[in-house]
Amino acid sequence: MRISSIWYSFRQGLKNIRRNLLFSLASIGTIVSCLFLFGVFYVVVVNFKSAMKSLENSISISVFFEEDADIELLSAQIRTREEVDTFDYISAEEAWIKYSNDTYDNPEEARAAFGDDNPLAKSASFSITLKDVSKQAEFVRFLEGLTGVRKVKSSQFTADTISSLNLFVGYASLGIIFILLLVSVFLISNTVTIGITVRKEEIKIMKLIGATNFFVRAPFIVEGVVIGLIGSAIPLVLVYYAYDAVLNYVVGRLSLVTKLFEFVAIGDVFKFLIPVTLAIGVGIGFLGSIITTRKHLRV
Amino acid sequence: MRISSIWYSFRQGLKNIRRNLLFSLASIGTIVSCLFLFGVFYVVVVNFKSAMKSLENSISISVFFEEDADIELLSAQIRTREEVDTFDYISAEEAWIKYSNDTYDNPEEARAAFGDDNPLAKSASFSITLKDVSKQAEFVRFLEGLTGVRKVKSSQFTADTISSLNLFVGYASLGIIFILLLVSVFLISNTVTIGITVRKEEIKIMKLIGATNFFVRAPFIVEGVVIGLIGSAIPLVLVYYAYDAVLNYVVGRLSLVTKLFEFVAIGDVFKFLIPVTLAIGVGIGFLGSIITTRKHLRV
Amino acid sequence: MITMDNVTMKYPTGTVALKDVNIKINKGEFVFVVGSSGSGKTTFIELLLKELTPTKGKIEVAGYNYNKIRRRQIPKVRRKIGVVFQNFRLLKDRTVYENVAFAQRVIETPSRYIRRQVPAMLTIVGLADRYKSYPRELSGGEQQRVAIARALVNKPDIILADEPTGNLDPKNSWEIMNLLEDINAKGTTVVVVTHNKEIVNAMKKRVITLKKGVVISDVEKGGYIDED
Amino acid sequence: MITMDNVTMKYPTGTVALKDVNIKINKGEFVFVVGSSGSGKTTFIELLLKELTPTKGKIEVAGYNYNKIRRRQIPKVRRKIGVVFQNFRLLKDRTVYENVAFAQRVIETPSRYIRRQVPAMLTIVGLADRYKSYPRELSGGEQQRVAIARALVNKPDIILADEPTGNLDPKNSWEIMNLLEDINAKGTTVVVVTHNKEIVNAMKKRVITLKKGVVISDVEKGGYIDED
Ligand SMILES: Nc1ncnc2c1ncn2[C@@H]1O[C@H](COP(=O)(O)OP(=O)(O)OP(=O)(O)O)[C@@H](O)[C@H]1O
Ligand SMILES: Nc1ncnc2c1ncn2[C@@H]1O[C@H](COP(=O)(O)OP(=O)(O)OP(=O)(O)O)[C@@H](O)[C@H]1O
Ligand SMILES: [Mg+2]
Ligand SMILES: [Mg+2]
């Protein structure tokens with residue numbers, strides 16, 4: 001294979017894109033559509049996961065002690081556990097003040113009425129949040145097993161709801177991302193296949209004139225890779241600006257949303273999105289043209 | 001137009017599907033892929049909304065009274081509001097029992113120690129859940145404005161988190177569904193366009209022989225509609241069985257999930273999915289073939 | 001039947017394929033159009049079929065003025081014309097039978113006539129046994145004969161045949177020419193583009209000679225003019 | 001150079017296009033293959049190009065036994081052959097220049113030779129000024145001449161020409177035939193399929209006549225045999 005033949009294949013591949021413009025545009029359009037969909041969905045899932053995370057963090061476990069408990073020791077035993085996300089000590093006084101604040105219209109008066117007789121005298125507690133709420137039941141059991149722990153209070157119902165929601169969303173988005181990838185691969189190779197099949201007569205002619213498989217195929221591969229490259233660059237740019245725009249819109253208008261969870265930074269999203277998108281676009285462009293031409297080269 | 005010509009168009013349309021098998025399969029594949037994706041996504045969104053609903057229902061508002069409050073009247077004022085989903089009266093005794101149960105290791109003993117002196121004597125309350133948590137802040141303001149209400153206790157943080165999550169998911173899924181529809185329409189018409197463009201030489205020949213536009217076009221329309229029909233029936237069946245399978249799997253294995261929210265009934269999902277899917281598949285098959293042939297009929 | 005008034009055809013590429021052509025062909029005439037490769041013969045046929053629109057001049061076929069014809073009426077003229085294309089233009093995903101039958105379907109011939117006339121026509125061109133074949137399964141000459149069958153099956157008022165014997169052996173060529181002469185004798189106007197000197201010289205018909213898009217000769221009972 | 005030993009070709013449709021054909025063509029020969037429409041001439045050419053595989057018999061071209069040839073070697077034989085297809089088979093999305101240059105690119109001719117030889121070849125077939133045109137912008141005869149240019153540009157050992165003058169006027173036809181004769185005089189083996197009785201009779205070359213797939217005559221300095 002001479003240098004000039006390689007150079008020729010390259011130029012010819014680019015020319016083919018222009019000369020089969022309809023197919024080139026159709027292929028690029030298909031790749032753009034699929035990968036755009038993939039990108040949008042991925043961004044949504046990532047952000048949703050981050051939102052779930054902040055929801056989880058609003059779920060806490062309270063731990064109450066025996067009268068003779070060694071609180072220092074317990075604290076050390078618990079806060080070093082790796083499941084623990086945040087850990088706070090709430091004294092009996094704090095608990096009573098909080099409770100009376102929550103319950104009475106005029107809490108000071110109420111507290112004065114009780115005087116030193118704190119009705120929640122035994123209510124000093126730890127307030128703990130976990131990194132993963134689905135571990136709550138297990139962690140509660142661990143806490144209950146510690147000497148000095150009198151009572152562990154947690155809303156198992158809310159934790160379960162959130163963790164099952166989390167699980168559901170996890171499975172569902174994994175499922176959809178998988179299906180999306182499958183569909184993208186199918187649709188893109190579909191267009192590539194058609195684009196090449198339409199030119200099978202041309203391939204046959206080249207072969208009959210004495211061209212080697214490589215010589216026939218090289219321009220198609222160049223074409224496939226370039227189309228794949230264009231087709232994956234566009235949705236990346238689109239998703240980037242769309243995400244930026246949505247972020248700005250949401251931050252401006254729906255401050256309620258942003259108050260409660262942080263959007264995932266664009267950089268973190270694209271760390272994954274760029275390689276995957278390029279791999280799909282360029283990969284299918286490359287493999288698709290190789291596989292599809294093979295069929296027509298047996299002349 | 002004779003009856004025999006109409007009958008001919010019909011047979012010819014079906015024949016074309018077989019004779020351009022590659023394109024027919026590609027078109028059907030594209031339609032199936034897009035609509036399957038759409039179906040899956042729709043099912044997930046619908047179920048997610050239902051899950052959010054049950055999460056919302058775990059968020060309650062407690063209302064405490066003035067000592068001289070007319071509880072009957074308040075009850076009547078509140079429970080008739082249309083925002084209200086569930087409404088319960090919790091007496092001071094119930095509240096104390098619940099609190100002591102939650103707090104003390106040996107609640108009976110603790111209660112005995114306090115005797116008739118219920119420390120939460122003023123803690124009789126209503127426990128209310130709302131149909132839509134995002135209305136909570138407003139509803140709390142309404143409650144606080146009622147005469148006889150001493151204190152309204154609600155976790156505004158959790159309610160806000162959930163309602164903003166709800167909002168976020170609402171926008172995101174609306175956005176994705178919209179994009180999915182757009183992409184589907186684009187991809188399907190893309191394939192239809194290519195399938196017909198490849199046959200533009202044939203269309204030209206027919207026109208040169210003296211065929212009217214209608215005569216050339218009718219078989220293409222039949223072809224488009226049949227392909228659209230097949231292409232939309234398959235994903236409906238697929239989504240139906242896939243949903244069924246996932247339901248069975250989840251109910252069997254992930255009982256945690258089902259304990260907390262009900263999956264949406266298949267019937268309810270398909271009430272919307274069937275007409276939309278058919279409309280897209282058949283609609284684009286029909287319109288796509290009309291529009292694309294038009295371009296090539298100017299001979 | 002056919003009139004060209006000062007017709008010039010310039011392709012978008014700049015090639016002037018026909019230049020100031022004035023031709024009148026009466027009903028029932030038999031005309032040969034000859035000329036060297038690229039002289040504008042196919043362009044001439046395509047203009048008569050309204051496949052092309054001339055850059056200048058007026059064309060009238062079967063009473064329709066092509067400069068004024070409405071889009072919806074074009075199929076009506078074309079149905080009066082039977083055409084054999086130089087490159088056949090068969091419908092490649094239909095069988096021989098269906099290709100010929102298509103011409104009849106277009107004019108809404110009742111099915112019972114189609115079922116009788118198509119096999120009869122195929123027998124005439126010697127392809128009765130190939131009716132189930134697809135064009136790609138035929139030899140060049142066989143495809144050409146299918147194209148001829150399609151052009152003749154409707155018994156059109158005008159036949160335009162572009163090089164109808166280019167892929168045929170002398171015997172088959174003569175059979176086709178005799179067939180066209182018979183049809184012409186029954187009143188059909190026949191225009192044949194050909195390179196076949198022997199046939200043109202033997203048949204003694206009107207011969208129009210084109211050279212680089214210009215009519216350089218138009219003779220009744222003429223012969224093939226070799227270029228110098 | 002070319003040997004067919006007892007070759008039978010039956011198409012999947014059941015048509016027997018060639019039957020027990022035995023032919024030997026030596027290096028440097030000039031051979032006409034004639035026969036009526038559908039007699040198997042194109043099939044004969046396609047077998048020599050290994051476009052088709054015979055159902056029976058042995059074919060040897062340029063020292064390669066087609067029954068034993070490895071897939072990778074097929075391009076090597078084909079590069080020794082220049083072929084003019086009956087239906088031209090030009091690459092439709094490439095210009096005239098690129099179509100002819102393609103044959104040279106295939107054999108990895110250095111670009112500086114391509115830039116010289118392609119225009120020279122186009123001048124020979126009379127299309128020097130059309131090098132930028134696409135096949136669809138050419139007349140039938142012009143396309144045919146591009147196909148001829150492509151077949152000849154590499155100065156191949158063997159030329160297979162299927163009806164190379166079917167769309168050409170007598171003058172152009174003779175020019176092409178003379179060109180082939182010149183090339184043959186320099187040692188190239190030439191096989192020409194044709195319906196042109198005048199040319200066959202005038203050139204006094206070896207003539208192989210096929211009838212329904214059977215070789216019915218093979219004469220040195222023969223003439224065109226009309227079917228009875
Ligand atoms: N679509 C086109 N675009 C541009 N130029 C064209 C087109 N079709 C034909 N031509 C040019 O117009 C001229 C006349 O072409 P035409 O096909 O009418 O010739 P012809 O007489 O039929 O020749 P032949 O005997 O080779 O078929 C030629 O020079 C040809 O290259
Ligand atoms: N691909 C094919 N499949 C089936 N039958 C075929 C195929 N190609 C050719 N035939 C048949 O084989 C026979 C020989 O065909 P071939 O093309 O070799 O004839 P030919 O001598 O070249 O005729 P012509 O002069 O008309 O070109 C014909 O009857 C034809 O119908
Ligand atoms: Mg022509
Ligand atoms: Mg042939």
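Reminder, nothing fancy here: chain letters follow the sequence lines and each chain counts from 1.
Using a 4.5 Å cut-off between non-hydrogen atoms, the part of residues 179-189 of chain B that approaches chain A consists of B/Ile179, B/Leu180, B/Val183, B/Phe186, B/Leu187. Close approach to chain A, defined as a heavy atom under 4.5 Å from one of its heavy atoms, is seen in B/Thr30, B/Ser33, B/Cys34, B/Phe36, B/Leu37 of residues 30-37 of chain B, taken by number.
Nearest heavy atoms, B/Ala26 versus A/Ile194: CB-CD1, 3.3 Å.
Every residue was checked against the ring-ring contact (aromatic ring centres under 6.0 Å, His included) condition with B/Tyr243, not counting sequence neighbours, and none meets it. Taking the salt bridge (Lys or Arg N to Asp or Glu O under 4.0 Å) definition, one finds that B/Glu201 meets it with C/Arg89, sequence neighbours left out.
Note that the CG atom of B/Asn190 and the CZ atom of A/Phe23 stand 10.0 Å from one another [nearest 0.5 Å].
Heavy-atom pairs under 4.5 Å with chain B were tallied for A/Ser173, A/Ser62, A/Gly29, A/Gly195; the largest tally goes to A/Gly29.
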